[in-house]
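Data first, discussion second: the structure below is written as structure tokens.
Each residue takes its place number in the sequence, starting with 1. Indexing begins at 1, ligand by ligand and atom by atom, following the structure's order.
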Amino acid sequence: MFWEKYSYSQIKSRVFEGLSRNTNYRTERILGIPATFLDTDIFYDDAAFLKDAPFLSVLIANPNHIGVHTFGDEHEDFFAGTQEIEKDLVKICAEEIFSAEPGSYDGYVASGGTEANIEALWIYRNYFMQERSAKPAEIAVIYSADTHYSIPKALNLLGLEGIEIPVDETTRAIRIHALELLVEKALADGCKHFIVNVNMSTTMFGSVDDIDTMTSFFDLLHLDYKLHVDGAYGGFIYPFVANESSFTFKNENITSFSIDGHKMLQAPYGTGIFLVRKNYLKYVCTNEAGYVKGKDFTLCGSRSGANAVCVWMILRIHGSAGWRVKMHQLIDRTTFICDKLDESGVVYYRNPQLNIVTIRSEYISPELARKYHLVPDSHHDPSWYKIVVMPHVRQGIIDDFLSELKYEQKKILS
Ligand SMILES: *Cc1c(COP(=O)(O)O)cnc(C)c1O
């Protein structure tokens, strides 16, 4: 995995160069587009600082990255300059983070992990309907009980059945025997095609599903399935910490990934990234998108070019080596917390490759959890509270929290 680190001035010139190749609403004759620059009473474009502010400059110029720009010669060319930057971003994510072969994937910056997950399930539903003449009732989506709620949301929208696989209470691992029974039952009930969502870190626990065990079982049964990896949470941390990983495009069983820029990467909201192998986006081509040159293959339609540029800027200012260091710092801080919890005998779940610690609710008072804004698994009846070691979680806060927790433990014991 490698992408070069750029200096801020290199980033600035690359972004302004892209912007200069976009159609400019201020200087060109543009009569046909229902879009323009941002409102000038709020966003005046002659502010002196803008020449040193590439992201804000793109935001104000307001390029639309509608459609997908990783394939075909035919696409919207009004904003080709900044769309090229998005292509470099998708290339870094697909080729460097997930080891795709050049030219073997498509991708775009979606509104978030929710959209990227829905896009994946939408593609595979249509794939089975078009390629296998499947009826929706013959397609089921397999996912663990710790899966993000965007998957049940997608099932509801797409009219698909879900098969929720229970997880072990302590290890949060999918219960393989339950998976076997539920899949066999689905087959007996007439299900013929499966969409599998595999979590490359769940939101609540940071648990990573055992993709190899799952796919060996599916292959043993000769199951007809397509597999999506939900890396909305873990996508920008897990691949940088795990040494050997089955979560790459080298794994033939995987067809797509979701990764959120607006979680670990500290990008603004609206930066979910969807990556998929070539020749799959066609299943969600909206041919009726007559006015969009090159058609639309996304769920969202119009989308912010500035957001795509921003994610690229963040990846480029760190480079792959810098990003790895940054993620390892979060991991080390998380391990520090776990070591202290071990000393106090507090029971928690933690995946060593993730920056989440999920504490059993009986070891912490609701007051303390509230004071430090720990998030419960359920607001009505919490069994767990989680700590997410994000970049703002400094050692001082961690120390305060741990000493208050220790004090509580003493009171309980005495
Ligand atoms: C946050 C998250 C999502 C949803 O992402 P949004 O960006 O909030 O739409 C999906 N899956 C996982 C695992 C997540 O952590």
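- In this structure, Phe218 has its ring center at least 6.0 angstrom away from the ring center of Phe194.
- The single protein non-hydrogen atom nearest to atom 4 (C) of ligand 1 is His148 CE1, 3.2 Å, given as residue, atom name and distance.
- The shortest separation from a heavy atom of Lys263 to ligand 1 is under 4.0 Å, placing the residue in contact.
- Looking only at protein heavy atoms, the nearest one to atom 8 (O) of ligand 1 is Thr114 OG1, 4.2 Å.
- Ligand 1 has at least one atom lying under 4.0 Å from a heavy atom of Ser201.
- Residue-ligand proximity, Ala232 to ligand 1, at heavy-atom distances under 4.0 Å covers atoms 2 (C), 3 (C), 10 (C), 11 (N), 12 (C), 14 (C).
- Less than 4.0 angstrom separates some heavy atom of Thr203 from each of these atoms of ligand 1: 12 (C), 13 (C), 14 (C), 15 (O).
- Close N/O approach between Asp230 and ligand 1 is found [any backbone or side-chain N/O within under 3.5 Å].
- Residue Asn117 places a heavy atom less than 4.0 Å from ligand 1.
- The salt bridge (Lys or Arg N to Asp or Glu O under 4.0 Å) search around Lys185 returns Asp189, not counting sequence neighbours.
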From CA spacing to verdict: salt bridge (Lys or Arg N to Asp or Glu O under 4.0 Å), Glu169, Arg360: CA-CA 11 Å; Glu169 183 58 24; Arg360 278 248 166 234; 2.6 Å; yes

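- A salt bridge does not link Asp168 to Arg175: none of the charged side-chain nitrogens sits closer than 4.0 Å to a carboxylate oxygen.
- For ligand 1, the atoms sitting less than 4.0 Å from at least one non-hydrogen atom of Gly112 are 7 (O), 9 (O), numbered in the order shown with element in parentheses.
- In this structure, the ring of Trp384 has its center no less than 6.0 angstrom from the ring center of Tyr348.
- For ligand 1 and His262, the ligand atoms under 4.0 Å from any heavy atom of the residue are 6 (P), 7 (O).
- Between Phe297 and Phe71, the ring centre distance stays below 6.0 Å.
- In summary, the aromatic rings of Phe249 and Tyr105 are positioned with their centroids too far apart to meet the 6.0 Å limit.
- Shortest contact from atom 6 (P) of ligand 1 to any protein heavy atom: Gly113 N, 3.5 Å.
- The closest approach between any non-hydrogen atom of Ser150 and ligand 1 is below 4.0 Å.
- Listed by first and then second residue, the salt bridge (charged side-chain N to carboxylate O under 4.0 Å, His left out) pairs that reach into residues 218-231 are Arg132-Asp224, sequence neighbours excluded.
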